[in-house]
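Take a look at the structure below.
Scope of the values below: all heavy atoms of this structure, side chains included, with no hydrogens, waters or symmetry mates.
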Amino acid sequence: MADEALFLLLHNEMVSGVYKSAEQGEVENGRCITKLENMGFRVGQGLIERFTKDTARFKDELGIMKFICKDFWTTVFKKQIDNLRTNHQGIYVLQDNKFRLLTQMSAGKQYLEHASKYLAFTCGLIRGGLSNLGIKSIVTAEVSSMPACKFQVMIQKL
């Protein structure tokens, strides 16, 4: 439980620190999201290396996505993704109905505009993990009601 609290505090401080530097004129506001996503990308790469060192090779893209939704998500966020959907053409939607990094915020709509700040790191985390498994992707996040969110993963074919 203590490690979860530390992770939440660290994440909040990362977001706060990046946006404070933007207020001081060092970084544009749009670049803050990119900076957070790049941090998540590097962390995702490292975590996937650790988590998959003793696992068998994945058969296909869907097997990799199931691993991300079950094992990877459980290790990082202490629960599995609630729903995984695909169109079988390279687009996956991962839905988390009670996303840990958003539960600290109000369930009302007043903080909805700030949600993207707190999802950028996780988008990078997913993208970095997939990258190390040989899948190039674009990951976006969407929040319609707090603390539920959807991550859309678009696989880029080479």
Side-chain angles (χ1 to χ4, degrees), residues 1-15 18 33-109 111-157:
M1 187 67 180
D3 59 340
E4 181 181 348
L6 291 174
F7 174 68
L8 293 173
L9 288 170
L10 175 65
H11 181 264
N12 286 339
E13 283 301 312
M14 275 187 340
V15 172
V18 167
I33 299 283
T34 304
K35 194 172 187 178
L36 287 166
E37 187 178 354
N38 287 337
M39 286 180 197
F41 182 83
R42 180 60 196 111
V43 171
Q45 284 181 319
L47 288 176
I48 280 294
E49 280 181 24
R50 287 185 123 185
F51 298 161
T52 59
K53 70 179 180 184
D54 296 328
T55 60
R57 291 185 60 81
F58 297 104
K59 293 179 186 174
D60 58 358
E61 207 174 79
L62 185 58
I64 291 172
M65 292 306 296
K66 286 180 180 178
F67 176 81
I68 294 290
C69 293
K70 291 180 181 177
D71 301 320
F72 184 75
W73 210 261
T74 300
T75 305
V76 177
F77 297 109
K78 308 293 186 235
K79 68 183 277 296
Q80 291 184 7
I81 281 286
D82 294 312
N83 196 353
L84 170 65
R85 292 190 179 157
T86 182
N87 66 354
H88 299 287
Q89 295 176 1
I91 296 180
Y92 297 87
V93 177
L94 290 66
Q95 183 172 348
D96 192 332
N97 294 328
K98 194 172 181 187
F99 187 56
R100 294 233 190 267
L101 299 179
L102 294 179
T103 53
Q104 304 299 320
M105 301 170 94
S106 171
K109 293 203 179 272
Y111 295 112
L112 208 53
E113 64 199 42
H114 298 289
S116 62
K117 296 179 190 180
Y118 295 92
L119 297 173
F121 180 82
T122 307
C123 288
L125 201 66
I126 297 168
R127 197 170 59 86
L130 290 173
S131 171
N132 247 15
L133 294 172
I135 296 178
K136 189 174 181 188
S137 62
I138 297 172
V139 181
T140 56
E142 171 188 323
V143 178
S144 53
S145 65
M146 300 278 244
C149 67
K150 292 179 182 179
F151 294 95
Q152 182 176 355
V153 179
M154 293 188 307
I155 306 298
Q156 295 181 310
K157 302 293 181 194

Checking side chain to side chain contact (heavy atoms under 4.5 Å, CB included) for the pair N87/Y92: CA distance, chi angles, key distance, verdict? CA-CA 7 Å; N87 66 354; Y92 297 87; over 6 Å; no
Any heavy-atom pair between the side chains of [Y] and [X] that's under 4.5 Å?
X	Y	result
M154	Q152	yes
Y118	L36	no
L130	K136	no
T74	K79	no

Could you go through L125 and F41, starting from their C-alpha distance and side-chain angles, then the distance that decides it, and tell me whether this counts as side chain to side chain contact (heavy atoms under 4.5 Å, CB included)? CA-CA 5 Å; L125 201 66; F41 182 83; over 6 Å; no
Looking at K157 and E61, is there a salt bridge between them, counting it only when a charged N and a carboxylate O are closer than 4.0 Å? yes
Between [atom1] on residue [X] and [atom2] on residue [Y], distance to nearest 0.5 Å:
X	Y	atom1	atom2	answer
E37	T140	CD	OG1	9.5 Å
L119	D96	CG	CG	10.0 Å
L133	T52	CG	OG1	5.5 Å
S131	I126	OG	CD1	13.5 Å
L62	M65	CG	CE	8.5 Å
R42	L47	CZ	CG	9.5 Å

Work out which heavy atom in [X] is nearest to a heavy atom in [Y]; give both atom names and the distance.
X	Y	result
I48	G129	CG1-CA, 3.2 Å
V143	A148	CG1-O, 3.5 Å
T75	D71	OG1-O, 2.8 Å
V15	K117	CG2-O, 3.7 Å
G63	F58	O-CD2, 3.9 Å
I33	S116	CD1-O, 3.7 Å

Is atom NZ of K78 surrounded by more than 12 heavy atoms (other residues, nucleotides or ligands) closer than 6.0 Å? yes
Using atom types as modelled and distance alone, determine if a side-chain donor or acceptor of T86 lies under 3.5 Å from a backbone N or O of I91. yes
Side chain R85, main chain V93, donor-acceptor under 3.5 Å: no
Would you sort out whether F121 and M39 count as a side chain to side chain contact (heavy atoms under 4.5 Å, CB included), showing the intermediate values? CA-CA 7 Å; F121 180 82; M39 286 180 197; 4.1 Å; yes
Check the angle between the aromatic planes of W73 and F99 and answer parallel, tilted or perpendicular using the 30° and 60° thresholds. tilted
Verify whether the ring centers belonging to F67 and F72 lie closer than 6.0 Å. no
Apply side chain to side chain contact (heavy atoms under 4.5 Å, CB included) to the pair N38 and R127, showing each step before the final yes or no. CA-CA 9 Å; N38 287 337; R127 197 170 59 86; 3.9 Å; yes
Quick one: do the D82 and Q80 side chains pair a donor with an acceptor below 3.5 Å? no
